[in-house]
Amino acid sequence: MAKKYLEQGLPVPDSLITRVMLSELETMKNQPWLLDGFPRTLAQAEALDKICDLDLVISLNIPFETLKDRLNTRWIHQPSGRVYNLEFNPPNVHGIDDISGEPLIQQEHDKPDAVISRLRQYKDVAKPVIELYKNKGIFHTFSGTETNRIWPYIYTLLSTKITPVHPEDTSQAFCAEEH
């Protein structure tokens, strides 16, 4: 069901995405996990709060123009889901998937006008979610345009919550004991 919405560049309805996410998280009760892009709405956040206590919520504050530029240069090999970015992860041959040799597409929701609309909508919808997690004292924001400049600050914060798998290598994943 979600695929129908995604293929049209539409947001998956709260009830559907929440049901899918909570069902999946229920199967992972005894495992550490990281969510990216969920919850996006207050209804999703409230539903998530009913099944778990989050340790930490991280928001990346990236300038609007940077986000727009990155999304505008994103191309996808639809059958596999491989993602390319023309600026920092380009295909070997422009417009062609490196592995299959099939054409890449730019999804409608990644085109300039759609990107602007999506970012504005996200900003409005995210405000109450941000407030919820700020009030709980678990919300942290990091600002920047480059991963290698933001990551050391995120790493430091994560290190106060969970133990790194390889402390000597800050690019490695973390091992969480609690969710």
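Side-chain contact between Phe64 and Leu67 is absent, with no heavy atoms from C-beta onward closer than 4.5 Å. For the pair Ser59 and Thr141, the minimum side-chain heavy-atom distance is below 4.5 Å. Residues Val83 and Ile76 are in side-chain contact: their nearest non-hydrogen atoms beyond the backbone lie under 4.5 Å apart. Contact annotation: the side chain of Tyr84 approaches that of Asp97 to within less than 4.5 Å [non-hydrogen atoms, C-beta and beyond].
Once rounded to the nearest 0.5 Å, the distance linking CD of Glu26 with CE of Met28 reads 11.5 Å.
Considering only residues two or more places apart in sequence or on other chains, Lys123 meets the side-chain hydrogen bond (donor to acceptor under 3.5 Å, both in side chains) condition with none of them. Applying the salt bridge (charged side-chain N to carboxylate O under 4.0 Å, His left out) test to Asp98 and every residue at least two apart in sequence or in another chain returns nothing. Arg120 is linked by a salt bridge (charged side-chain N to carboxylate O under 4.0 Å, His left out) to nothing, counting only residues two or more places apart in sequence or in another chain. Partners of Arg19 according to the salt bridge (charged side-chain N to carboxylate O under 4.0 Å, His left out) rule, which considers only residues two or more places apart in sequence or in another chain, do not exist here. The side-chain hydrogen bond (donor to acceptor under 3.5 Å, both in side chains) check on Asn135 picks up nothing, with sequence neighbours excluded. Scanning for salt bridge (charged side-chain N to carboxylate O under 4.0 Å, His left out) contacts around Lys136 gives Asp49, with sequence neighbours left out.
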>> Could you go through Val12 and Met1, starting from their C-alpha distance and side-chain angles, then the distance that decides it, and tell me whether this counts as side chain to side chain contact (heavy atoms under 4.5 Å, CB included)?
In response: CA-CA 9 Å; Val12 179; Met1 290 178 73; over 6 Å; no
>> The test is side chain to side chain contact (heavy atoms under 4.5 Å, CB included); show your working for Asp55 and Ile138 and say whether it passes.
In response: CA-CA 7 Å; Asp55 293 320; Ile138 60 172; over 6 Å; no
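Under the 3.5 Å distance criterion, the side-chain polar atoms of Thr18 are left unmatched by any main-chain donor or acceptor of Ser15. Side chain of Gln121 to main chain of Ser117: no donor-acceptor pair is present (N/O by atom type, distance under 3.5 Å, no hydrogens or angles). Within the 3.5 Å criterion, the main-chain N or O of Leu157 finds a donor-acceptor partner in the side chain of Thr160.
For the side-chain contact (heavy atoms from CB on, under 4.5 Å) test with Ile58, the passing option among Phe142, Tyr133, Tyr153 is Phe142; the others fail.
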